[in-house]
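Notes follow once the structure below has been shown.
Positions are given from 1, in the same order as the sequence printed here.
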Amino acid sequence: MKLITFTIGDNTSWGAVTDRGVIDFGVRLAQCMGVADFLGAGPEVQREAARLLEQAPADYALGDVCLSLPVPAPGKIFCIGVNYAQRNAEYRDGSDLPKYPSIFMRVADSFAAPGQALLQPFESNQLDYEGEIAIVVGKGGRRIAREDALAHIGGLTCANEGTIRDWVHHAKFNVTQGKNFHRSGAFGPWVVTADEFPEGYADLRVQTRVNGETRQDDTTARLMFDFAYIIHYLSTFTTLQPGDVILSGTPTGAGIRFDPPRFLQPGDTVEVEVSGIGVLRNVVEQEQ
């Protein structure tokens with residue numbers, strides 16, 4: 001199912017998108033507080049949701065609601081850097097392929113909602129795109145074995161791990177500043193639950209388009225650290241919780257890698273499309 005958080009009028013709720021429209025789970029599944037809570041719920045709640053998905057009339061048309069981040073306030077947002085093999089070669093530093101994943105963290109308000117504007121800040125004109133697949137944790141845990149890790153995925157969503165390029169070089173050992181400007185990235189439009197990927201996650205395609213031009217195009221078959229390893233590795237040092245979000249890395253083709261660089265400008269439309277999920281679309285605006 002496609003899980004969303006949305007507003008309509010003065011009300012905020014969550015639910016699922018169907019061919020008939022939006023089913024309001026906030027009203028119909030009162031035992032769950034939102035998408036994260038639902039992903040961590042037991043089989044009885046999951047079965048009730050499936051029944052509603054089949055039988056309940058739509059509460060709203062999709063076009064009548066305003067989409068929020070599908071998980072509005074994740075407890076933790078991890079980002080995996082340089083996770084496609086050719087991305088390492090882009091750095092042209094002669095380094096070997098990494099032994100362990102590179103990891104940094106983002107805050108929730110660095111992401112715009114689906115359809116909401118990405119903001120080019122006053123401080124830089126180097127806003128860049130990074131199309132990615134984001135994992136949303138369903139079953140939490142600590143020290144999760146790699147062979148058990150995929151069972152901890154609640155679902156997947158599209159992400160644009162937007163970056164302010166000059167600001168990632170402000171510090172000697174981290175990229176935090178350049179990765180956390182307000183509304184510089186986005187994720188959504190919904191979380192597609194794990195049961196919608198019966199063939200697994202080994203060959204999902206991610207594409208990024210700017211104004212209709214394809215800039216990034218690759219598949220998870222070429223990840224250096226697959227989803228199972230990422231979950232296993234992260235859970236070694238932290239306890240993963242339902243609703244935590246893990247951005248799995250971006251392919252080659254970000255704007256900084258062109259000569260000259262092709263950074264985003266106000267008015268540009270960025271689309272991130274992932275097979276089995278859909279399209280995340282945002283327009284760039286100058287911060288006011």
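Side-chain contact, Asp203 with Thr219: a donor N or O sits under 3.5 Å from an acceptor N or O. In this model, no donor atom of one side chain and acceptor atom of the other lie less than 3.5 Å apart for Ser13 and Asn11.
Arg47 has no carboxylate O lying under 4.0 Å from a charged side-chain N of Glu44, or vice versa, which leaves the two without a salt bridge. Using a 4.0 Å cut-off between charged nitrogen and carboxylate oxygen, Lys2 and Glu196 do not count as a salt-bridge pair. At a threshold of 4.0 Å, the pair Lys179-Glu161 counts as salt-bridged, since one of the basic side-chain nitrogens sits closer than that to a carboxylate oxygen. Between Arg183 and Glu285 there is no salt bridge, since no side-chain nitrogen of the basic residue lies less than 4.0 Å from a carboxylate oxygen of the acidic one. With salt bridges taken as basic N to acidic carboxylate O contacts below 4.0 Å, one links Arg146 and Asp226.
Here the side chains of Leu39 and Val137 are not in contact, with every heavy-atom distance at 4.5 Å or above. Proximity of Phe111 to Asn160: side-chain heavy atoms (C-beta onward) are nowhere separated by under 4.5 Å. Side-chain contact between Phe227 and Leu150: present, with at least one pair of heavy atoms (C-beta onward) separated by less than 4.5 Å. By the 4.5 Å heavy-atom criterion applied to side chains, Val206 and Glu132 are not counted as neighbours. Contact of the Gln120 side chain with the Leu264 side chain is not registered, since no non-hydrogen atoms from C-beta on lie closer than 4.5 Å. Contact of the Ser184 side chain with the Leu127 side chain is registered, since non-hydrogen atoms from C-beta on lie closer than 4.5 Å. Taking 4.5 Å as the limit, some side-chain heavy atom of Thr269 sits within range of a side-chain heavy atom of Arg281. Under the 4.5 Å side-chain criterion, counting only non-hydrogen atoms from C-beta, Tyr129 is not in contact with Asp268.
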**Item:** Verdict with reasoning, Glu123 to Gln177, per side-chain contact (heavy atoms from CB on, under 4.5 Å)
**Value:** CA-CA 12 Å; Glu123 294 80 5; Gln177 303 95 311; over 6 Å; no
**Message:** Let's go through Arg106 and Val245 carefully: what are the C-alpha distance in whole Å and the side-chain angles of both, what is the deciding distance for side-chain contact (heavy atoms from CB on, under 4.5 Å) to 0.1 Å, and is it a yes or a no?
**Reply:** CA-CA 10 Å; Arg106 291 186 68 136; Val245 176; over 6 Å; no
**Request:** Step by step, work out the side-chain contact (heavy atoms from CB on, under 4.5 Å) result for Ile80 and Ile103.
**Result:** CA-CA 5 Å; Ile80 310 301; Ile103 301 166; 4.0 Å; yes
**Prompt:** Could you go step by step and tell me if Arg51 and Glu54 meet the salt bridge (Lys or Arg N to Asp or Glu O under 4.0 Å) rule?
**Reply:** CA-CA 5 Å; Arg51 185 190 68 78; Glu54 288 292 325; over 6 Å; no
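If you chain together hydrophobic residues whose side chains sit under 4.5 Å apart, Val136 and Leu29 fall into the same group. Using a 4.5 Å cut-off between side-chain heavy atoms of Ile, Leu, Val, Met, Phe, Trp and Tyr, with links allowed through other members, Phe181 and Val168 fall into different hydrophobic clusters. Hydrophobic clustering (side-chain heavy atoms under 4.5 Å, transitive across Ile, Leu, Val, Met, Phe, Trp, Tyr) groups Leu62 together with Tyr60.
Here the straight-line distance linking atom CZ of Phe225 with atom OG of Ser102 works out to 7.5 Å at 0.5 Å rounding. Here the CD1-CD1 distance, from Ile153 to Ile231, works out to 4.0 Å after rounding to the nearest 0.5 Å. We find the NE2-CD1 distance between His152 and Ile135 to be 12.5 Å, quoted to the nearest 0.5 Å. From Thr252, atom OG1 reaches atom CG of Asp218 across 6.0 Å, with rounding to the nearest 0.5 Å. Put simply, CZ on Phe263 and OG1 on Thr163 are 10.0 Å apart, with the number rounded to the nearest 0.5 Å. Atom CD1 of Ile23 sits about 10.5 Å away from atom CE of Met1, to the nearest 0.5 Å.
Judged by distance alone, with hydrogens and angles left aside, the side-chain atoms of Asp59 form a donor-acceptor pair with the main-chain N or O of Asp24 at under 3.5 Å. Panel note: side chain Thr220, backbone Leu204; a donor-acceptor pair is recorded below 3.5 Å. Formation of a donor-acceptor pair under 3.5 Å by the Thr236 side chain with backbone atoms of His232 is found in this model. Using a distance-only test at 3.5 Å, with no hydrogens or angles considered, a donor-acceptor pair links the side chain of Thr157 to the main chain of Gly188. Between the Trp14 side chain and the Pro70 main chain, no donor and acceptor come within less than 3.5 Å of each other. Under the 3.5 Å distance criterion, the side-chain polar atoms of Thr5 are left unmatched by any main-chain donor or acceptor of Ser68. No donor-acceptor distance shorter than 3.5 angstrom exists from the side chain of Gln126 to the backbone of Ile164, with no hydrogens or angles considered. At distances below 3.5 Å, at least one donor-acceptor pair connects side-chain atoms of Ser248 with backbone N or O atoms of Ile133. Of the possible polar contacts, none joining the Tyr84 side chain to the Arg222 backbone as a donor-acceptor pair under 3.5 Å is found. Between the side chain of Gln241 and the backbone N or O of Gly140 there is no donor-acceptor pair closer than 3.5 Å.
Ring geometry for Phe25 against Phe38 counts as tilted: the plane angle lies between 30° and 60°, on a 0 to 90° scale. The aromatic rings of Phe197 and Tyr201 sit tilted, their planes meeting at an angle between 30° and 60°.
The minimum heavy-atom distance linking Arg142 with Thr238 is given by the pair CD-O, 3.4 Å. The two atoms that bring Arg20 and Leu52 nearest to each other are NH2-O, 3.9 Å, heavy atoms only. Ser124 and Asp166 make their closest contact through OG-OD1, 2.8 Å (heavy atoms, listed as atom of the first residue, atom of the second, distance). Heavy-atom minimum distance, Pro242 versus Ala36: CB-O, 3.5 Å. Ile256 approaches Asp128 most closely through the heavy-atom pair N-OD2, 2.9 Å. When all heavy atoms of Gln265 and Val284 are compared, the pair lying nearest together is O-CB, 3.4 Å.
For the pairing with Val17, the side chain to side chain contact (heavy atoms under 4.5 Å, CB included) check across Ile4, Leu53, Leu3, Val192 returns one residue only, Ile4.
Enclosure of atom NZ in Lys139 is not indicated, since only 12 or fewer non-hydrogen atoms of other residues, nucleotides or ligands lie within 6.0 angstrom. Around CE of Met105, the count of heavy atoms belonging to other residues, nucleotides or ligands within 6.0 Å exceeds 12. Within a 6.0 Å sphere centred on CZ of Phe237, heavy atoms belonging to other residues, nucleotides or ligands number more than 12.
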